[in-house]
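For reference, the structure is listed below as structure tokens.
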Amino acid sequence: MMKSSSAYTVRISLIVALGGFLMGFDASVISGVVKFIETEFDLSKLELGWSVASLTLTSTLAMMVAGPMSDRFGRRKVLQVAAILYAISAFGSAVAPDFISLVVARMVGGFGVGASLILAPMYIAEIAPPGMRGRLVSFNQLNIVIGISIAFFTNYLILQLGESQADWALTLGFEKWKAMDAWS
């Protein structure tokens, strides 16, 4: 029974730690699209800065309210809402027709980032047995770094594929920056 319980706890911790992966990915993937959104939406430097910073700023706000909300509604429920916000943000970023829509989509994602950044390690620590707690909570930190790394690698890959002029890439009809930001 104990072995089965430990395996279940590890599995749940890995799933919850996906919030760390998404946080790292979401915060970093924008670096590969700034030159595209600047020209696509004819942005000033201030607007470009806002499009990059909007996720971080709203995640800061989310971090301040996520704890009290999770005390009231439960960490699991708030983490589920954060996952939904990530999905809404990805879709909104992919179809954003203008600068304001893109910023709003990134701000929605920021709320998911902030909530998961605070609550994922807390939730993992609460469900983990004392002997495994540190190891399981570190999954979240590891996933943040993996998310950052994968964002940079996917940015590179998409840029390479976009410049390849492959028929299948041209058939998709997505602008390169929208494809990269939608993965966030």
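What's counted below: heavy atoms across the whole structure, side chains too, no hydrogens, waters or symmetry copies.
- The hydrophobic cluster containing Leu18 does not contain Ile118, counting ILVMFWY residues as joined when their side-chain heavy atoms lie under 4.5 angstrom apart, directly or transitively.
- Panel note: side chain Asn143, backbone Ala17; a donor-acceptor pair is recorded below 3.5 Å.
- Residues Arg75 and Asp71 meet the side-chain proximity criterion, which asks for heavy atoms closer than 4.5 Å.
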Could you go through the side-chain contact (heavy atoms from CB on, under 4.5 Å) check for Ser51 and Phe41 one step at a time?
CA-CA 11 Å; Ser51 66; Phe41 298 133; over 6 Å; no

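- Taking all atoms of both residues into account, the shortest heavy-atom contact from Thr9 to Ala128 is CG2-CA, 3.9 Å.
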Under the side-chain contact (heavy atoms from CB on, under 4.5 Å) criterion, do Met69 and Leu119 qualify, and how do the steps go?
CA-CA 10 Å; Met69 286 179 64; Leu119 298 180; over 6 Å; no

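- Minimum interatomic distance between Val52 and Arg106 (heavy atoms only, all atoms of both residues): O-NH2, 3.4 Å.
- Between the side chain of Ser93 and the backbone N or O of Ala90 there is no donor-acceptor pair closer than 3.5 Å.
- The CG atom of Leu55 lies 7.0 Å from the OG atom of Ser89; values are rounded to the nearest 0.5 Å.
- Under 3.5 Å, the side chains of Tyr123 and Ser70 contain no donor-acceptor pair of N or O atoms.
- How far NZ of Lys35 is from CG of Leu43: 15.5 Å, rounded to the nearest 0.5 Å.
- Between Leu136 and Ser13, the shortest heavy-atom distance links the atoms CD1-OG, 3.7 Å.
- For the pair Phe99 and Ile37, the minimum side-chain heavy-atom distance is 4.5 Å or more.
- Grouping the Ile, Leu, Val, Met, Phe, Trp and Tyr side chains by contacts below 4.5 angstrom, directly or via other members, places Leu57 with Val34.
- Of all heavy-atom pairs between Ile124 and Val137, the closest is CG2-N, 3.7 Å.
- Val113 and Val145 fall into different hydrophobic clusters, where Ile, Leu, Val, Met, Phe, Trp and Tyr are joined by side-chain heavy atoms under 4.5 Å apart, directly or via other members.
- Using a 4.5 Å cut-off on side-chain heavy atoms (C-beta onward), Val81 and Phe73 make no contact.
- Across all their heavy atoms, Gly19 and Ser116 have their closest contact at O-OG, 3.7 Å.
- Listed here is the closest heavy atom pair of Asn155 and Ser31: ND2-OG, 3.7 Å.
- For the atom pair Ser6 OG and Arg11 CZ, the distance stands at 11.5 Å (nearest 0.5 Å).
- Side-chain atoms of Arg133 come within 3.5 Å of backbone N or O of Ala125 as a donor-acceptor pair.
- Criterion: ILVMFWY side-chain heavy atoms under 4.5 Å apart, direct or through other members. Under it, Val33 and Leu46 are not part of a common hydrophobic cluster.
- Remark: Ser54 OG to Ile30 CD1 distance equals 7.5 Å, nearest 0.5 Å.
- Using a 4.5 Å heavy-atom threshold, the side chains of Glu38 and Glu47 count as separate.
- By the criterion of side-chain heavy atoms lying less than 4.5 angstrom apart, applied directly or through intervening Ile, Leu, Val, Met, Phe, Trp or Tyr residues, Tyr8 is grouped together with Ile127 in one hydrophobic cluster.
- Separating the CZ atom in Phe111 from the OG1 atom in Thr58 is a distance of 5.5 Å, to the nearest 0.5 Å.
- Atoms CD1 and CZ, from Ile144 and Phe139 in turn, are 14.0 Å apart once rounded to the nearest 0.5 Å.
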